[in-house]
There are 2 protein chains.
Amino acid sequence: MDYLEERLPQNSAPEAGLSGSQSVDRALGLLSLIGREPAEGLPLGEIVSGSGLNKPTTRRLLLALMRAGLVEQEPQTRRYCLGEEAFVLGVLAARRHGLLEIAMDGLRRLSAETQDTSFLTVRRENYAICLHREEGTYPVRTHALQAGDQHPLGVGAGSLAMLAALPDDDVDRVIAANEAVLLARYPGFAPDALRVDIAETRARGFSLNPGRLVASSWGIGRAFRYPDGRVAGALSIAAIDSRMAPSRQAELAVPLAREAERMEALLAEMFVSKRAGRPMAAAVPRSIETGRAAR
Amino acid sequence: MDYLEERLPQNSAPEAGLSGSQSVDRALGLLSLIGREPAEGLPLGEIVSGSGLNKPTTRRLLLALMRAGLVEQEPQTRRYCLGEEAFVLGVLAARRHGLLEIAMDGLRRLSAETQDTSFLTVRRENYAICLHREEGTYPVRTHALQAGDQHPLGVGAGSLAMLAALPDDDVDRVIAANEAVLLARYPGFAPDALRVDIAETRARGFSLNPGRLVASSWGIGRAFRYPDGRVAGALSIAAIDSRMAPSRQAELAVPLAREAERMEALLAEMFVSKRAGRPMAAAVPRSIETGRAAR
DNA sequence: TCCAGATAGTCCATAATATGGACCTTATTC
DNA sequence: GAATAAGGTCCATATTATGGACTATCTGGA
């Protein structure tokens with residue numbers, strides 16, 4: 001199937017406009033595609049079918065990405081994966097987009113206080129990406145979620161918290177976009193089930209994943225927002241089911257809420273110190289088969 | 001001045017080969033250029049002159065980068081800076097290139113033991129980039145170096161340690177490439193002075209920056225290598241001059257060497273677990289002004 | 001309030017670039 | 001060792017990216 005279409009769907013303005021940089025758009029699409037398999041990398045064939053491009057074009061663009069160090073090709077397996085330069089760029093970008101740095105203290109406090117593992121998750125289109133996993137001290141730990149892992153919005157505690165924090169029409173759009181993937185690869189997360197989860201999350205004040213992704217691995221999550229109201233990310237805590245009885249959920253929700261509010265305060269501070277207007281350029285929709293945003 | 005030429009010089013194989021992806025190469029060159037000003041971002045004009053491209057082309061490529069989220073334009077100042085997506089990509093790439101993650105424990109130990117601030121630095125072409133700064137507890141701290149800061153190889157303790165760890169012909173090449181910048185912007189780091197520093201570093205076993213970048217801010221550094229011998233990065237410790245008398249330098253050098261060796265052991269482990277051949281694709285030279293120059 | 005200068009951003013005919021069908025090469029399987 | 005499959009490359013062609021010339025917007029000075 002067509003990975004990229006799956007996750008960067010929208011041809012909202014189909015022919016709308018030629019970007020004027022087809023090849024760059026395509027190359028960056030490949031980069032994003034490769035980023036989806038951070039651990040293993042992807043073989044050429046999968047990149048070809050995943051992108052919808054043909055082999056020579058794909059290869060040529062990959063060579064360009066490799067020249068820039070953003071992609072590397074594992075000599076043995078010939079798989080393509082993110083390069084060192086991508087990592088360094090990320091460190092540089094962290095100066096402005098240092099959610100992780102801002103969140104680290106909070107995650108440490110959460111894990112220290114609760115002994116369980118805590119997570120920072122952000123939204124990326126219709127998916128949630130785990131940016132950091134802060135280990136707890138309790139000897140039995142769940143390893144259902146690692147830094148770099150990606151799941152559709154709604155799958156997992158932090159991910160669900162973010163989805164529930166979106167306005168209803170966004171929720172509908174996201175679920176519709178993910179419907180195929182959810183049904184095919186996430187049993188237990190059918191669209192209808194997600195809608196129930198969202199309602200419960202909103203009523204309860206925090207999200208709950210009762211071991212639906214990995215049995216016995218439960219989690220609770222809470223989203224936090226930028227000063228302008230956009231969802232910025234989510235904090236979550238995971239533990240084995242025996243440590244997640246309803247009473248403990250309520251207990252854990254307190255420090256979780258505290259840290260989420262703290263994040264919002266820190267973000268507000270960041271922006272106050274900088275300007276008055278909109279905090280960040282709004283995300284521009286993108287697709288590998290570009291048609292620049294209508295308008 | 002022509003920034004990119006300064007730092008991505010080489011037309012080692014001048015006409016050698018048309019890349020077949022001029023625009024992608026150019027776009028990624030812009031990305032790298034913007035990465036050099038992680039804090040402020042760059043105005044269009046500087047990107048134009050810095051890249052050697054013309055305005056419409058630059059702008060078109062920037063739009064493509066913005067569509068992908070790798071670059072954002074600050075609405076107020078209209079400056080272009082690295083986008084959120086660059087940050088996220090970095091986190092994803094950290095799975096494979098997680099020098100930082102590997103180094104964190106060591107940095108914490110160093111700062112805890114010495115009470116001074118410690119750093120992880122990596123090489124990027126002819127420059128050194130500080131990836132992390134781990135604060136010490138001692139109340140007087142130097143803030144000469146922050147995560148994301150970049151200086152020519154040889155400028156600063158970690159940076160000098162890496163330069164001194166290179167084979168002589170690489171040293172020559174790097175110093176030649178940086179000569180103009182060094183003379184223009186780094187008084188006290190003239191090529192000849194650097195060569196003396198390198199000799200001393202090699203003799204001593206660790207590098208020393210006696211407050212040459214920022215007065216009273218001294219540092220010592222030590223490089224570490226990949227299993228195949230390539231320089232991977234450097235660890236360093238910085239403090240005010242009064243805490244860097246020769247006797248204390250020797251004292252600090254011990255844990256510094258220990259942690260550097262530990263890094264090499266960890267890197268060796270990473271590769272053993274993966275394959276037998278070359279550890280990573282060799283960096284491919286790149287330049288923004290592709291082929292066509294002549295004429 | 002208006003103008004000068006500077007910087008940001010856009011248009012569009014043209015030339016150069018990226019495209020992709022066909023082909024070659026290297027591993028893996030039976 | 002022939003067959004299959006995947007990785008990789010060539011090159012004439014048409015599509016795409018280019019950049020000179022133009023317009024819009026902002027800044028500060030009188």
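Within every chain, numbering begins at 1; the chains are lettered A, B, ... in the order of the sequence lines, protein sequences first and strands thereafter. Excluded from the calculations below are hydrogen atoms, water molecules and symmetry mates; all remaining heavy atoms, backbone and side chain alike, are included.
If you take CG of B:L30 and P of D:dT18, they are 10 Å apart, rounded to a whole angstrom. Counting to the nearest Å, the C1' atom of C:dT19 and the CD atom of A:Q22 are 8 Å from each other. Going from atom CD of A:Q76 over to atom P of D:dG7 covers 15 Å, rounded to whole Å. In this structure, OH of B:Y80 is placed 8 Å from P of C:dA8, rounded to the nearest angstrom. Between B:L62 atom CG and C:dA8 atom P the separation is 11 Å, expressed in whole Å. In this structure, B:N54 places its CG atom 11 Å from C1' of D:dA17, rounding to the nearest Å.
Of the residues B:E72, B:E40, B:E74, the one that meets the salt bridge (charged side-chain N to carboxylate O under 4.0 Å, His left out) test with A:R96 is B:E74.
Each of B:K55 and B:R60 was matched to the nucleotide of DNA chain C holding its nearest heavy atom; the match closer to the 5' end belongs to B:K55. Along DNA chain D, the nucleotide nearest to A:S23 and the one nearest to A:L44 differ in position, and the one closer to the 5' end is contacted by A:L44.
Residue B:R26 places its side chain closer to D:dT18 than to any other of C:dG9, D:dT18, D:dG7. Taking the side chain of A:R78 as heavy atoms from C-beta on, and the options C:dT19, C:dA8, D:dG7, the nearest nucleotide is D:dG7. Comparing C:dG21, C:dT19, C:dG9 by their closest approach to the side chain of A:P56 singles out C:dG21.
For the helix from C:dT1-D:dA30 to C:dC30-D:dG1, the axis fitted to the five pairs at one end and the axis fitted to the five pairs at the other end meet at an angle of 50° (nearest 10 degrees).
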Test salt bridge (charged side-chain N to carboxylate O under 4.0 Å, His left out) applied to B:E85 and A:R124, step by step:
CA-CA 8 Å; B:E85 198 63 19; A:R124 190 203 204 188; 2.5 Å; yes
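Aromatic pair A:Y186/A:H151: ring centres closer than 6.0 Å.
Contact annotation for B:T57: base contact, defined as any heavy-atom pair under 4.0 Å involving a base atom.
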